[in-house]
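Note that these values count all heavy atoms, side chains included, but never hydrogens, waters or copies made by symmetry. If you're wondering where the values come from, they're calculated on a predicted model, not measured in any experiment.
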Protein chains: 2
Amino acid sequence: MNSAAPDVLAQRLADSGLRSTPQRELVYAVLLAKRDHPTADQVFTRVKEELPGISLATVYNCLETLVSCGLVKQVNLERESTRYCPNLHPHAHFHDEITGATHDIDLPPTIFSKLRAVLPPGYDAEGVEITFRGSAKLPAPSTSRESRTATAH
Amino acid sequence: MNSAAPDVLAQRLADSGLRSTPQRELVYAVLLAKRDHPTADQVFTRVKEELPGISLATVYNCLETLVSCGLVKQVNLERESTRYCPNLHPHAHFHDEITGATHDIDLPPTIFSKLRAVLPPGYDAEGVEITFRGSAKLPAPSTSRESRTATAH
DNA sequence: CCCTCGTTTGGAATTGTTCTAAATTGGCTT
DNA sequence: AAGCCAATTTAGAACAATTCCAAACGAGGG
């Protein structure tokens, strides 16, 4: 489905003078495959299925590498494990406090300029994070055709 | 300066069936005195000056109590220590990535309804958090005493 | 081939926080 | 004032997430 992803990764790594390794590719593939904002430990579990010998330290290393390449973003809600998100489009997060799930919310581009406008003079924002908390009663989480996210590209 | 605060605290505690204690009062006073979003450890340091025998566990307990009373909010930026904020007005946070300081940003009330409007149907948000990241070149940190952290030791 | 350097690895170390069990405190009842 | 009960505090152990470290590995370049 996403045969281009590895190349994107290899390219980005090369740009940063880094090597493409099976571990890095797999970690990235796992993030792209299931965009549920997994923790490092969850990534570890998923990656082990394909590469049983991988170590948790390596997963942390790879995630850090992906973040520094700009391919993945860290998400911190509450004070719990950091979560990882390969969605590079501007978006907000909706944290469902009942299920614990985190959903991406697409945002109209105008919202960012509106938000920047509320900053007093002297404040120069490079980025904005928006996190909703509440509960989502979604019509039907159709596990089949991956309703959310991914689509927008 | 803020002689009403202890009463507010005592009232809130009573409402929750909790007692007012010197430790709780002091922790709350410390948060009100210097609103720089301190970590539990920083609160501990400040509180010890007046109550040297207090333990870190108690500071954590008191902070948790204040949060559950609704007098203080937890703030989590990055994955580092939780920070504590006694500002109950709706506001955003500006995280200065150069100094590490976090400033409160007042928000027009309309922004929240605008934000809720971007949520797809089925999503019911009880709260929204907005965090800016960037750098602030402030004319003069009007907080009078204390330019920032460090100085005291 | 062999050397070098980036990468991976397992385990130890750190950090921030919570848990636990015992000691203390403050009200109430008498 | 004495005693009692429950809330609170305390020190230290336990925990969870993450980082650090030093050794082993592996891929290219000379």
Strictly distance-based, threshold 3.5 Å: is any side-chain N or O of B:T65 a donor or acceptor partner for the main-chain N or O of B:N61?
yes

*If only atom types and distance count, is the side chain of A:R24 paired as donor or acceptor with the main-chain N or O of A:R19 below 3.5 Å?*
yes

Any N/O pairs under 3.5 Å between the protein and nucleotides 19-24 of chain C? List them or say none.
none

Among the nucleotides C:dT7, D:dT9, D:dT18, whichever has the atom closest to the side chain of A:T82 is D:dT18

Reckon B:E80 touches a base, only the sugar-phosphate, or nothing at all at heavy-atom distances under 4.0 Å? nothing

Original post:
Reckon B:T58 touches a base, only the sugar-phosphate, or nothing at all at heavy-atom distances under 4.0 Å?
Top reply: base

Rounded to whole Å, please give me the gap between [atom1] in [X] and [atom2] in [N].
X     : N      : atom1 : atom2 : result
A:Q23 : C:dG6  : CD    : P     : 17 Å
A:L56 : C:dG11 : CG    : P     : 12 Å
A:F44 : C:dT8  : CZ    : C1'   : 12 Å
A:E25 : C:dT8  : CD    : P     : 11 Å
A:E64 : C:dT7  : CD    : P     : 12 Å
A:Q42 : D:dA17 : CD    : P     : 10 Å
A:Y60 : C:dG11 : OH    : C1'   : 15 Å
A:L26 : C:dT9  : CG    : P     : 11 Å

Beyond-backbone contact of [X] with [Y], side-chain heavy atoms, under 4.5 angstrom:
X     : Y     : result
B:Y84 : B:V75 : no
B:D15 : B:Q11 : yes
A:R12 : A:S16 : no

With sequence neighbours left out, the residues meeting side chain to side chain donor-acceptor pair (under 3.5 Å) with A:T131 are none

| field | Donor-acceptor pair between B:T82 and B:N76 side chains, under 3.5 angstrom | value | yes

**Message:** Quick one about B:H91 and B:H93 (side-chain donor to acceptor, distance below 3.5 Å, no hydrogens or angles considered), yes or no?
**Reply:** yes

Taking only side-chain nitrogens and oxygens of [X], does any of them come within less than 4.0 Å of OP1 or OP2 of [N]?
X     : N      : answer
A:T39 : D:dA17 : no
A:S81 : D:dA17 : yes
B:R79 : D:dA17 : no

Can you tabulate the close N/O pairs, meaning under 3.5 Å, that link protein atoms to atoms of nucleotides 22-30 of chain D?
none

Can you see whether A:F44 has A:K48 sitting over its ring - NZ or CZ less than 6.0 Å from the centre and within 45° of the normal? yes

Of A:D41 and B:R24, the one whose nearest nucleotide on DNA chain D sits closer to the 5' end is B:R24

Partner of B:F94 under side chain to side chain contact (heavy atoms under 4.5 Å, CB included), picked from B:I105, B:I130, B:T102, is B:I105

